[in-house]
Amino acid sequence: MSLKRGLDVWKLGKVNYSEGLKLQAKLCSRRKSGEIPDTLLSLQHPPTYTVGKRRTYHNLLIPESQLKSIGAELHHTERGGDITFHGPRQIVLYPIISLKDIHFGARRYVETLEAAMVELAGAYGVEAHVGGSKCDTGVWIGDKKIGSIGVRISSGVTSHGLAFNVGSDVLDYFKNIIPCGIAGKGVTCLSREVSPRHLPLPPDGIIHDQLISRLSRLLGYNQITCREDINIAQ
Amino acid sequence: ISTSGRLPSSFTPLSRLFSSSVVDGLKYASSHEWVKPDAAVATIGITDHAQDHLGEVVFVELPECGSSVSQGESFGAVESVKATSDINSPISGEVVEINTKLTETPGLINSSSYEDGWMIKVKPSTPSELES
């Protein structure tokens with residue numbers, strides 16, 4: 001007997017970080033009460049630095065007052081992980097799913113997020129790997145990070161998720177932080193790492209879809225429903 | 001720690017549900033927290049099974065002494081593998097002591113879930129919650 005496991009995918013385009021936080025809080029609450037099924041948000045953010053629950057502001061290398069001049073915002077969140085950056089040409093996925101329904105613990109869930117990004121890189125001929133130690137969660141090419149993870153789990157329902165760098169637009173912004181609190185390591189993106197035969201990369205929307213497809217399969221979903229043109233203010 | 005949709009209202013004195021180690025004298029909530037009742041104060045932590053599913057704990061957030069906790073509601077959180085997981089209280093009451101060792105050594109939750117890795121001590125407000 002094959003169980004139908006459905007995932008609602010919301011393709012949101014560019015979303016302001018605080019709007020994204022409000023939306024996740026709303027959806028998380030509705031998921032906990034069973035009003036909505038497992039849902040995955042696919043989006044991008046305008047230039048935004050974020051810190052997690054540990055409030056590691058010390059890893060921001062420029063004064064907060066300078067952020068506006070470079071067109072960036074700073075937000076704190078309740079997710080795990082250190083400081084990171086979100087911006088153009090970076091895929092952001094926020095699964096709002098019930099871990100107990102899929103019998104995953106935190107560790108296995110995070111490993112699955114990593115695996116999806118490693119697979120996606122592999123599809124473009126890029127050999128990525130996961131970090132070796134507790135501080136290195138995420139996806140790396142050599143000692144440069146291409147994919148980051150920061151998750152919150154509340155009563156078994158996830159929010160926040162992963163960010164995967166596609167274009168180089170974000171890379172300069174990463175110079176203003178010690179990314180994920182790990183000094184001495186760099187950051188990279190797919191367009192810098194693929195061999196010339198994979199260039200030009202397909203449009204970002206296609207790469208988003210590819211990552212969504214891999215992640216949803218690894219999480220065990222066999223029925224995906226996509227929604228676009230959603231009014232998130234509702 | 002994931003919980004079922006219902007409040008964790010049933011306890012088993014000796015859980016045979018988990019393959020990871022299990023300890024006498026504790027009661028288990030269905031959501032992977034344990035409660036050790038002891039005279040007027042109950043000690044609360046998470047199970048060996050739960051810590052195994054979390055991965056190595058790097059940060060623990062605990063409530064302040066004197067604050068109240070409610071059965072089924074979050075009282076704190078742990079961070080592991082870049083994930084913060086809320087920890088829900090199996091009982092209601094007042095927090096009378098917190099394990100300050102967890103600030104310096106959060107890994108105690110992994111290495112000693114039932115002893116040195118205890119999280120909070122609570123004066124129960126509703127003793128019936130502790131009955132199986």
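Quick note on labels: first sequence line is chain A, next is B, and so on, each numbered from 1.
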Q: Report the residue from K53(A), R54(A), R55(A) that forms a salt bridge (charged side-chain N to carboxylate O under 4.0 Å, His left out) with E61(B).
A: K53(A)
Can you give the donor-acceptor pairs under 3.5 Å from side chains of residues 106-113 of chain A to other protein atoms, not counting sequence neighbours?
residue, atom, partner, partner atom, Å
R107(A), NE, D52(B), O, 3.2
R107(A), NH2, D52(B), O, 2.6
R107(A), NH2, D52(B), OD1, 3.4
T112(A), OG1, R108(A), O, 2.7

Q. Under 3.5 Å, side chain of E79(B) to main-chain N/O of G81(A), donor-acceptor pair present?
A.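 Side chain of E79(B) to backbone of G81(A): a pair is present.
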Q) Any idea which of S80(B), A83(B), S74(B), A77(B) has the most non-hydrogen atom pairs under 4.5 angstrom with chain A? A) A83(B)
**Q.** Under 4.5 Å from a heavy atom of chain B, the part of R79(A) involved
**A.** backbone
Q) For atom CZ of R192(A), is the number of surrounding heavy atoms from other residues, nucleotides or ligands below 6.0 Å larger than 12? A) no
Q: Using a strict 4.0 Å threshold on nitrogen-to-oxygen distance, state whether D82(A) and K82(B) make a salt bridge.
A: no
Q. By number, which residues in residues 33-50 of chain A have some heavy atom less than 4.5 Å away from chain B?
A. none
Q: Enter the distance from N88(B):CG to S154(A):OG here, rounded to the nearest 0.5 Å.
A: 7.0 Å
Q.
To the closest 0.5 Å, what do you measure between CD1 (I153(A)) and CG (L54(B))?
A. 7.5 Å
Q) With a 4.5 Å heavy-atom cut-off, do D86(B) and R152(A) have their side chains touching? A)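 Touching, per the 4.5 Å side-chain cut-off.
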